[in-house]
**Q** 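Before I ask anything, here is the structure I am working with.
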Amino acid sequence: MEALGENLETMPRVPLADEHVAMLRAIGSECSYEAGEMVAEIGDTVDTFVYVLEGEIEVKDPYSEARLLDSSLGPTQFMGEISFLNAGTYFLPMRAAKPTRTLEVPRVDMLDLMARVPELSDHVIRVFSARRRRQFELKNSNVKLIGADRDPAVQKVEQFLSRNRIPFQSLDMDGRDDETLAACNLTDHKPSVILGQDTVMDDPTPRKMAQHLGLDLDVCRETVYDVLIVGAGPAGVAASVYAGSEGLCALTIEDTAIGGQAGTSSRIENYMGFPTGISGADLVYRGQIQAMKFGTRFAMPRSVEGMSRREDGTFCVILDDGDEVCARSILIATGVQYRRLPLEGLEELEGAGIFYAATDMEARFCHGTEAVVIGGGNSAGQAAMYLSRSAAHVHLVVRGDSLAASMSSYLTQRLEADPAITIHYNTEVTELHGDDYLEAVTFSCPDGERRIDTRALFIMIGAAPNTDWVLGMVEVDEKGFVKTGASVGRETPFETSADGIFAVGDVREGSVKRVASAVGEGSVVVSRIWDYVDKLAAPASEI
């Protein structure tokens, strides 16, 4: 299955071309560092492209102060990884291992150069992606989580980090190794988020973590964007790519993680170009990298609470915490969310045995237990297949008597042939058991009631559109999906009832609920947005 980035250890080391180095010299300046001098500290903004002319730069272990990795950066190599594109922060400290001389270029100038020289851009992004993959897989980070399996708040932070491919370490509170014992002593044996050597985050949330990592961008400075894209699922990210490539000043806001509902899919096999499959998170993450390369900015986790329109036609949205962002056009790409079941105790057990995604993080909670997946769509089917690798057994609960109408044929055939999976047709979950953590569920099936002992229930049913924030601004149908195109008297299929507001993807009435369809809609709508913005009198602010 495809994964983000190449394997850094097997990638051939290719220096920058001489003409590219000459271009760097034209817009950069030389800097010198003594042996042991810090080049970048944890939390520093990645605002400079650093190319090594001579000497050596190493990664410092934030805990022991020793060199963290066997490898280091020498002449013809450069610092950085994907966070450079979005002005993020350094996850690890970097220092000169010997007297070192570098060529350093401001980030904005480097991005401009990369936009003009695609060969240079391809090379840099390839290396950046491979480094992020290595950091993520080796868990090289100053962020430690302990007790994610016991505390919903810590688990939400872990979900945010994992789905956004941000490196972190996760420790089991029952571990007996020295690192875990030290962490438990630091946190008084309570589930916690630890930053650096000894800082414990109070009341951990994804938003606080984003602020720590520099992901919570200053999006509210005095500027007016050409287009504000709300939602970073496949449709929103595709629009982000094309908006940036067409020269629109664009900001994409996401309240959870890049990928949306598609990001919770462990494997997508019917998306063209990936014959061995790819996870939803990796697919959309690649799109985010493309979009950032073209200048689109991302802010997360931020949610839109409401929207208004000024007399001059400018749209202004209110974010959580009362921040305001304004744009000349709006693209609604908020998608849908899985519906909650009307079960007593459901909300209390969310994150404590009840999940709405099936990724690596959730799968590890299934070891030694039977897992239950509710749903009859492709996402539920892929979740059952993926979880069967780690769970003792997987029960797929389907309300109807067939999967033919809601699931791809190839996936249905695999589920029916897998001895580790049992499909329960004409069945519903009617009761949850457990106080602090899920212990069992009760099925109501044609043969009566049946209790299954489980510590992992995955709910993937139905779809409720995320449109509360646009009610009153655009027309929606009886289910809350945004009306577009001919149904509201518009010429193109993605225009809403309001001038300047567009909608794509699952949130749109009548859309095909497939990743490829969402990507197509997000790509196509940008040409219409460009036409709309181009006809407005005032130019967008520069950022």
Side-chain angles (χ1 to χ4, degrees), residues 1-6 81-86 88 111 114-115 118 121-122 124-126 128-130 132-133 136 160 162-166 215 217 227-274 276-301 331-335 357 359 494 502 504-507 511 513-527 529:
M1 188 172 74
E2 297 274 354
L4 86 124
E6 297 180 60
E81 46 86 45
I82 287 300
S83 58
F84 175 83
L85 299 179
N86 207 35
L111 291 178
M114 290 168 62
S121 176
D122 292 346
V124 170
I125 289 178
R126 183 180 176 218
F128 279 176
S129 298
R132 171 60 70 87
R133 172 181 173 178
F136 185 74
F160 171 74
S162 180
R163 290 184 58 190
N164 285 293
R165 295 301 188 259
I166 299 170
L215 300 175
L217 299 179
V227 57
L228 178 66
I229 302 168
V230 186
V237 171
S240 303
V241 172
Y242 281 82
S245 67
E246 293 299 322
L248 293 174
C249 175
L251 172 68
T252 302
I253 292 179
E254 169 58 41
D255 67 352
T256 304
I258 300 300
Q261 188 170 309
T264 68
S265 178
S266 55
R267 189 182 185 95
I268 298 173
E269 291 188 80
N270 57 358
Y271 191 85
M272 189 184 71
F274 298 93
T276 59
I278 185 171
S279 73
D282 279 353
L283 176 65
V284 185
Y285 184 73
R286 291 178 181 218
Q288 182 193 11
I289 293 172
Q290 286 178 284
M292 291 192 296
K293 180 184 76 170
F294 288 123
T296 297
R297 305 174 76 221
F298 287 78
M300 58 186 178
L331 178 60
I332 305 170
T334 42
T359 64
F494 310 122
F502 305 81
V504 290
D506 291 358
V507 76
S511 64
K513 305 300 187 283
R514 287 289 187 269
V515 172
S517 176
V519 170
E521 292 188 9
S523 305
V524 172
V525 72
V526 171
S527 62
I529 294 175

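These numbers come from a predicted model, not from an experiment.
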**Q** When rounded to the nearest 0.5 angstrom, what is the spacing between CG in Asn86 and OG1 in Thr296?
**A** 10.0 Å
**Q** Glu521 side chain to Val504 main-chain N or O, any donor-acceptor pair under 3.5 Å?
**A** no
**Q** Minimum heavy-atom separation for Val241 to Gly287, with atom names?
**A** CG2-O, 3.3 Å
**Q** Do Ile529 and Phe502 have side-chain heavy atoms sitting under 4.5 Å apart?
**A** yes
**Q** Check whether any side-chain heavy atom of Leu248 lies under 4.5 Å from a side-chain heavy atom of Val526, and answer yes or no.
**A** yes
**Q** Does the Ser511 side chain pair with the main chain of Gly505, one donor and one acceptor, at a distance under 3.5 Å?
**A** yes
**Q** Are any side-chain N or O atoms of Ser129 and backbone N or O atoms of Ile125, one a donor and one an acceptor, separated by less than 3.5 Å?
**A** yes
**Q** Between the main-chain N or O of Phe160 and the side-chain N or O of Asn164, is there a donor-acceptor pair closer than 3.5 Å?
**A** yes
**Q** Does Arg165 offer a backbone N or O that forms a donor-acceptor pair with the side chain of Arg132 under 3.5 Å?
**A** yes
**Q** Does any non-hydrogen side-chain atom of Ser279 lie less than 4.5 Å from one of Thr359?
**A** no
**Q** With a 3.5 Å distance limit and no angle check, can you tell me whether Ser517 reaches the backbone of Lys513 through a side-chain donor-acceptor pair?
**A** no
**Q** Which is it for Val519 and Tyr271 under the side chain to side chain contact (heavy atoms under 4.5 Å, CB included) test, yes or no, and what are the steps along the way?
**A** CA-CA 10 Å; Val519 170; Tyr271 191 85; 3.5 Å; yes
**Q** What pairs of residues pass the side-chain hydrogen bond (donor to acceptor under 3.5 Å, both in side chains) test when at least one of them lies in residues 244-257, not counting sequence neighbours?
**A** Ser240-Thr252
**Q** I need the Arg297 CZ to Ile229 CD1 distance, nearest 0.5 Å.
**A** 13.0 Å
**Q** Would you mind reporting whether Arg286 and Val237 have side-chain heavy atoms less than 4.5 Å apart?
**A** no
**Q** Measure the spacing between CZ of Phe84 and CE of Met292 and express it to the nearest 0.5 Å.
**A** 11.0 Å
**Q** With a 4.5 Å cut-off on side-chain heavy atoms, are Ile82 and Tyr285 touching?
**A** yes
**Q** Do the side chains of Arg163 and Ile258 get nearer than 4.5 Å, heavy atoms only?
**A** no
**Q** Under the side-chain contact (heavy atoms from CB on, under 4.5 Å) rule, collect the residues that match up with Val230, sequence neighbours excluded.
**A** Leu228, Val304, Thr334, Trp469
**Q** Nearest 0.5 Å, what's the CZ-CG distance between Phe298 and Leu85?
**A** 10.5 Å
**Q** Test Pro234 against every option in Ile268, Val515, Leu283 by the side chain to side chain contact (heavy atoms under 4.5 Å, CB included) rule and name the one that passes.
**A** Val515
**Q** Go through the steps for Val124 and Met114 under the test side chain to side chain contact (heavy atoms under 4.5 Å, CB included), then give the verdict.
**A** CA-CA 9 Å; Val124 170; Met114 290 168 62; 4.1 Å; yes
**Q** My understanding is that only residues two or more places apart in sequence, or in another chain, count here; which of them pass side-chain hydrogen bond (donor to acceptor under 3.5 Å, both in side chains) with Gln290?
**A** none
**Q** Please round to the nearest 0.5 Å and tell me the distance separating atom OH of Tyr242 and atom OG of Ser527.
**A** 10.5 Å
